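Residue numbers begin at 1 in each chain, while the letters A, B, ... track the order of the sequences. Quick caveat, the model's predicted, so the values are computed rather than measured.
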Amino acid sequence: MKGYNFGYLDEQTKRMIRRAILKAVAIPGHQVPFGSREMPLPYGWGTGGIQVTASVLGPGDTLKVIDQGADDTTNAVSIRRFFARTAGVRTTTHTEEASVIQTRHRIPERQLREDQILVYQVPQPEPLSRLEPSQAETKRLHALADYGLMQVKLYEDIARLGQVSISYDYPVMVNHRYLMSPSPIPAFDNPKMHGMPALQLFGAGREKRIYAIPPYTDVRSLDFDDHPFRATRAPHACGLCGATDSYLDEVVTDDRGGRLFVCSDTDYCASRRETTQAAAQ
Amino acid sequence: MNEPTLVSARGVSLAFGAIRALRDVELDLWPGEVLAIVGESGSGKTTLLNVVSGRLRPDDGAVWYRDPQGVLHDVHAMPDPALRRLHRSDWGFVHQNPRENLRMGVTAGGNVGERLMAQGARHYGDIRAAAIDWLEQVEIDPARIDDFPRTFSGGMLQRLQIARTLVTHPRLVFMDEPTGGLDVSVQARLLDLIRTLVARLRIAVMLVTHDIAVARLLAHRIVVMQGGRVVETGLTDQVLDDPQHAYTQLLVSSVLQA
């Protein structure tokens, strides 16, 4: 597109963001501040993720964008088209074809590879923000690895409800050192972060923070020895492809109580249906 | 007293602008000993407590702490992480207002368990058992383990704060007017509890109080402060029954006799 630099952001800004990314990769789970720019879409729509994607994207890349696992939602379509126009890169909905995947609220079901980058959109990068209002204090807690407070929150959940009640944005310890918010992905996706071959980058535009998990890094969900972390999913099979191992969305189908459980990862669901169709023919 | 000291302050001075809060204070505390710091308001008691516990940096002088291995540390030269670790394991702090120390939005059990979890305890059942045990030790009904502190009375809050502080078996506890603001019968019960626990666990206590009766009941030794200076120090009974310094005489004689 005329009048715009490749990938919308100017090269100086991309360099600044890449420096932040390099530092974030060097200190897994540590939040690195960066000079977040105004983007042509509102905060909360993925301004952080877009800036990270723009900075790692090259002309040879293939981009996939998902929102809640789906390729066809407004947010995903808009961001995909944004980069198709401003960078002219190839876009795809197939997880295995993409070299850069920007995501909101999900990790694709298909196992990612070493040559792929997963970019998360993050609304609130600070895992302790709801427990400790002062940012100066949360920084000190991170510096001293003083995470008793988060464990108290888990204790309270078990004492009152019999189990940990966090269903998304479930806090993780990265590389045995930093407590990290995995962004609002379901707790179901947390185990996928552990030892993932792909590079995971997190961008928070409004809060101006970037953090990262390098490939094959130890990522543990917080828990107690006698109350281990358990990933939960709706106890159903996907109504379209029949998958019993994927994360499901509940879709209301009519106004008489009709419900359908379907894979939230649309690409995973479609590829499974294609495989079964091909086998039937 | 051949045993080495636990804490020593040497030549500690601190001024807030023109106000000289501490002037050349010397102080020793031995393991298992209860030391009361008495004096009127503004005499520098609480400032001294904050300086010794590393929360305030003195202008001059040093505070030494001997760790369980017998190594001496200059409290104010310690790096932040080490001081913080000390504060959540070997040391404890009991505030006059328990709301400053307790988390009011967290249940009693969570409050007691926090220091254990901060030290790395990751077994829910063990943490809960320790919380129940400590609630019993401070005479709070264990059935209230899942209640919020805001449903507790003032005396119960103070006892909960003590349970929360002692759960990690600290060697040294700083107490700032632990019975202030409580009615007399609750005070008596709390003092009795503190005395029993401290003696049984052999905890050293540095106690700030303006109440001579509290000092007499709890303390082995007493330090009398006036205008930022230590004016008299000695065994509790000795100082209170035979005060030498004019200010101490005034302080002792001004106590109302019931």
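For Arg85(B), no part sits under 4.5 Å from any heavy atom of chain A, backbone or side chain. Contacts of Arg88(B) with chain A are made by side-chain atoms alone, with heavy-atom separations under 4.5 Å and no backbone atom involved. Neither the backbone nor the side chain of Leu116(B) comes within contact range of chain A; no heavy atom of the residue lies under 4.5 Å from a heavy atom of that chain. Using a 4.5 Å cut-off between heavy atoms, Glu156(A) touches chain B through its side chain atoms alone.
Under the 3.5 Å distance criterion, the side-chain polar atoms of Gln158(B) are matched with a main-chain donor or acceptor of Pro178(B).
Summarising the local packing, OH of Tyr168(A) is surrounded by 12 or fewer heavy atoms from other residues, nucleotides or ligands at distances under 6.0 Å. Surrounding CZ of Arg55(B) are more than 12 heavy atoms belonging to other residues, nucleotides or ligands, all under 6.0 Å away.
With sequence neighbours left out, the salt bridge (charged side-chain N to carboxylate O under 4.0 Å, His left out) criterion links Lys192(A) to Glu109(A), Asp189(A).
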